[in-house]
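These notes are about the structure you will find just below.
These numbers come from the heavy atoms of this one structure, side chains and all, not from hydrogens, waters or symmetry mates. Order of listing sets the numbers, starting from 1, for every ligand and every atom in it. Note that the structure is a prediction, hence the values are computed from the model and not measured. Along the sequence shown, residues carry numbers from 1.
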Amino acid sequence: MKTLSFSCELPNGIHARPASHIEAVCNRFTSEITWKNERTGLYGNAKSVLSLIGTDTLMGDLCQLSIEGVDEDVAFEALNHFIEKDLPECDSPLETVQEDDEMIALPRNLSNFNPEIMRARAVSGGFGQGKLVRIGAINFDNLDTIAATEHSQECTMLKQGVETLKTSINIQLKAAVHTEFEVLNAHLSIANDPEFNATLENQLTHGKSCADAVFATAKHYGDILRSSSSAYMRERELDIRDVCFQLLQAIYGEHRFTSQLELDGPSICMADDLTPSQFLELDKSKLKGLLLTHGGSTSHTVILARSFAIPTLVGIDDATLLTYIDQEIIIDGNLGLVVTKITDDLKRYYDQEAFVAKKVTERQSTYRFEPGCTEDGKKLEVAANIAHSVEATSAFGNGAEAIGLFRTEMLYMDRTDAPEEDELYNIFCQAIEAADGKAIIIRTIDIGGDKPVDYLNIPAENNPFLGYRAIRIYQEFLPMVKTQLRAILRASAHGSLKIMIPMISSMEEILWVKDVLAEIRQELRSEHIPFDEKIPLGIMMEVPSVAFIIDQCCEEVDFFSIGSNDLTQYLMAVDRDNAKVTKHYNSLNPAFLRTLDHVVSEVHRHGKWVGLCGELGAKGSVLPLLVGLGLDEISMSAPSIPATKERIARLDSRACRQLLNKAMQCRTALEVEHLLAQFRMTQSDAPLISSECISLDRDLRNKEEVIKTLSDNLFLAGRCRYPDKLADDLWAREDVFSTGLGFGFAIPHTKSEHIEQSAISVCRLANPIQWGDEEAKFVIMLTLNKHAAGDQHMKIFSRLARKIMHAEFRDNLMNATSEAQIETMLKAELEII
Ligand code: PEP
Ligand code: MG
């Protein structure tokens, strides 16, 4: 017998992935190979992934391999080499979408409550509360209904199921890369694992069904992994559950063990990954939030989630979250967090958030059905992006003036073959009906890149975004493309449709498409099928080369729509879906802004129309620059439309143009950001004291609630954009000394860049609360703009502090009967005109 001693240097210990590598090496030899963990004293068969995992080996554990058998010498040499050279390379931490320092800092008004939360990257805003459910994966619920057949038949079913599962994983492995490949490999090792198979067989006793055996096996290994001392290992329980679930599907069929998509009440759904069609299947009235382990901010499921205003986080640590299944949680898609324990304070915090959101919606409703138009009367159409006709009604309900982008590729995804002409025709007609005369730009299929379609068998590529995608695949799949164009043309007889081609990079492609279209038109004419003879043809402006042939393109096409998602990635050479390079993916880069300006002015110089349909269109902070560009239209996910229209209405197009000129002269994206911040500050001129910032006899229970409510109020009054940041600045002072002055008065105050128009806010409380060492019932909050205030801040503060020493002043404030009375009183006493 030979022995080999070493220490485990893998940061996450021996979990499924490294174990599958060890098992593979050991299985090349006939000798018996045993792994011993000296720390835990546990032994494991080194030819079994599960047995290895069961040794609970962590980083730094001393281990020993014993090799006994005819080929022990060669096995020893090979393993010695493997442990030293290969094992340390066998594991890299699973890709997480966000590093901690990229997380949005928690507002003090929330963190002061020490909430029990989990963080992840926020990709669709809003918040919601519901029961946590796991979807798109394991569902052992149907087990009771499966009765056992003859024992021998059950044994055969089990064996065949394992074989089917192995074949299926092997097929998936062929197309998988990176993390997905590693995970599938680990799953295959489990399916091949002798111990796993032995456990399955042992559990399949007389009278038991395969389902019983699989369930018992999942439980057996789940228990082992759950008791591991490593959190990482405990998380690997998911691998076993996944494999067992897939095995059940392989034995009984996917119809029997469906990936659960039915929701039975307000739910927050977690999933590893969700396909766009799975997302569409979910009942949106019950879906209160989405938690995904994978996915970037422009992945198509995420784009859909935004369109339905579903708060969404990506990169969530699903294994930890699994412990909260079936419990009520809150998802916050603005801050990027999940509240796992809803205390009274947190409930009140989110009630206040809901109150603010409701107020904002009410305010925006004034603009919702008005055309997008600046203060000085310049029109900017605001349109919606959709991916299916089912979204059209809600898009127009949100005030869309048109559909600026109908992404059709999703109609081709997650199915076994392409849709027929009639199916497409019906979908387009459905959208036309919802549009009620408004225009719809239908973009022809943009398949490839991050939008794979299995049945087209397009081989995986190293650089899918630079590869076989969109128009580039049209020639090979000509019949499918023609079917789509025919369906669009036929539907054009019933409403205002426009055709748009994605990812055009050269004149050759435009001319080719026009030839194909001409052929189809001819066909339809000869078949006497009506269509719009004047249907406009446009192209996506998303590959930079097109920016330099706009003059020529304008001779051939009627309009352009800037795909800022792709134009940014192609201009800056930054993969839009790669979390590692997100900081380079910045559309405020002056080079990008100059490109946009060049495109818009060139297109207009040639008398054509240009819109923008990337995610940039919905970014409120960038809107002045888009207005400055003089675009004809911006198209975005529908929930952003009312807010965008409201913002446009407050902008002056000439000031925006000047701002854009300055932005294009900036040298860095950060300078552009500062410029935008300065611009916002000069937007309006509100008085220091006004009754909208005064509230009386409020039921607020602590300092956090007071500071939050008053800051939110300033946000609602249009005086600040980021109430949380303003509140944090107030807290920075409270940390140094609490601002309770005695006599029931407190004066929280700050000089901050986050208040755009300085304000004195007032809040008289229904009941006194603790304010540092004092009690407070009457709060006067000073928030003065950092750049505009000069020495006003301290002057007002000391004048107020002096006045509060006088009982009469205090009594008048405490006993005032209206906001207006307080406003007049403060103005006079503080000598503010
Ligand atoms: C874009 O690239 O900006 C765009 C709108 O298209 P997609 O996101 O579908 O690539
Ligand atoms: Mg694009």
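- The atoms of ligand 1 that sit less than 4.0 Å from any heavy atom of Cys613 are 5 (C).
- Taking the N/O/S atoms of Glu542 in turn, the shortest distance to the Mg ion (ligand 2) belongs to OE1.
- Phe428 and Phe406 have their aromatic ring centers within a separation under 6.0 angstrom.
- Note that Lys498 lies in the cation-pi zone of Phe559, set by a 6.0 Å cut-off to the ring centre and a 45° limit from the axis.
- Only side-chain heavy atoms of Met540 come within less than 4.0 Å of ligand 1; its backbone N, CA, C and O stay farther off.
- Within the 4.0 Å heavy-atom shell around ligand 1 one finds Arg469.
- For the pair Lys284 and Phe308, the cation-pi criterion (under 6.0 Å, within 45° of the ring axis) is fulfilled.
- More than 12 heavy atoms of other residues, nucleotides or ligands lie within 6.0 Å of CD in Glu556, so this atom counts as buried by the packing criterion.
- For the ligand labelled ligand 1, residue Arg443 lies inside the 4.0 Å heavy-atom shell.
- Using a 4.0 Å cut-off to heavy atoms of Arg407, the atoms of ligand 1 that qualify are 4 (C), 5 (C), 6 (O), 7 (P), 8 (O), 9 (O).
- Under 4.0 Å from ligand 1, the heavy atoms of Asp446 that appear belong solely to its side chain.
- When the heavy atoms of Leu405, Ile562, Asp566, Asn385 are ranked by distance to atom 2 (O) of ligand 1, first place goes to Asp566.
- Counting heavy atoms of neighbouring residues, nucleotides and ligands inside a 6.0 Å radius, atom CZ of Phe548 does not exceed 12 of them.
- Ring pair His494/Tyr425 is perpendicular by interplanar angle, where above 60° counts as perpendicular and below 30° as parallel.
- Restricting Asp566 to its N/O/S atoms, the shortest distance to the Mg ion (ligand 2) is reached by OD2.
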